[in-house]
Amino acid sequence: MIPIIAVSFAVLLLLGIPVAFVIGVAGFIGLWWSGEYPLTVIVKQIFEGVDSFVLLAIPLFILAGAFMETGGIAVRLVRLAQVLVGWIRGGLSMAVVVAEYIFSGISGSTVADVSAIGSRQCCGRATGPSRRWRWSRPPPRWASSSRPASS
């Protein structure tokens, strides 16, 4: 059974299928080929594993974060956080943490927080992709990676 899973995994990867689907399909092929379980039981277990309100909530929280970002609340929270702690040395990373703290009280989801606030802080700009730096020169490269990481 393991050689069949390994071969199907390699073939599907070489075909360019995304890794998440490759893992699922290779496992399905291995279980089906072993003959231990009927095909109906395998398919039933797959659907029962995916049938979860928690898994449904993740894309909806991301959508809520996108709505809050397009509505402008994310930009206002980042500006507020920059006013509160932006003057301190290392304040930009602290501003992300403060904005995330406030935003998590509003949305109730870390996934929505990172999708709304993290997109405002990455791309090497202080307040989002459409804004300019308020400083004369951009910070070092590690600064742009520390902002989304602190989200």
Side-chain angles (χ1 to χ4, degrees), residues 2-31 42-151:
I2 293 177
I4 303 241
I5 293 173
V7 168
S8 63
F9 186 83
V11 168
L12 292 171
L13 275 179
L14 291 174
L15 289 175
I17 298 174
V19 175
F21 295 115
V22 169
I23 292 171
V25 171
F28 175 76
I29 290 172
L31 283 173
I42 296 171
V43 173
K44 180 180 175 254
Q45 289 296 326
I46 289 172
F47 280 111
E48 283 182 3
V50 176
D51 185 26
S52 170
F53 284 116
V54 174
L55 293 177
L56 178 66
I58 291 172
L60 295 177
F61 276 129
I62 292 172
L63 181 66
F67 283 155
M68 291 178 195
E69 180 187 2
T70 56
I73 192 171
V75 174
R76 291 187 196 114
L77 282 176
V78 170
R79 285 186 191 152
L80 172 68
Q82 285 177 344
V83 166
L84 292 175
V85 294
W87 56 274
I88 303 171
R89 181 181 171 109
L92 191 57
S93 295
M94 287 186 240
V96 173
V97 173
V98 169
E100 290 282 338
Y101 184 74
I102 296 168
F103 200 77
S104 65
I106 296 170
S107 70
S109 167
T110 306
V111 178
D113 300 345
V114 173
S115 67
I117 302 283
S119 64
R120 285 282 126 202
Q121 292 292 323
C122 68
C123 307
R125 292 171 176 83
T127 57
S130 62
R131 309 273 189 230
R132 295 218 178 245
W133 275 99
R134 54 188 172 135
W135 301 286
S136 59
R137 62 185 177 89
R141 287 186 171 193
W142 59 265
S144 64
S145 65
S146 70
R147 286 189 306 253
S150 63
S151 295

Enquirer: Restricting to non-hydrogen atoms, name the atom on Met94 and the atom on Ile88 that form the minimum distance, rounded to 0.1 Å.
Expert: CE-CG2, 3.7 Å
Enquirer: Run the side-chain donor-acceptor check on residues 5-20: report pairs under 3.5 Å with partners two or more places apart or on a different chain.
Expert:
residue : atom : partner : partner atom : Å
Ser8    : OG   : Ile4    : O            : 3.0
Ser8    : OG   : Ile5    : O            : 2.9

Enquirer: Please list, chain by chain and in numerical order, all residues satisfying side chain to side chain contact (heavy atoms under 4.5 Å, CB included) with Phe28, sequence neighbours excluded.
Expert: Leu39, Ile42, Val43, Ile46
Enquirer: Tell me every residue that passes side chain to side chain contact (heavy atoms under 4.5 Å, CB included) with Ile2, counting only those two or more places apart in sequence or in another chain.
Expert: none
Enquirer: Distance from Tyr101 atom OH to Leu77 atom CG, nearest 0.5 Å?
Expert: 13.5 Å
Enquirer: Check Gly71 against Arg76 and note the closest heavy-atom contact, atom names and distance.
Expert: O-NH1, 4.0 Å
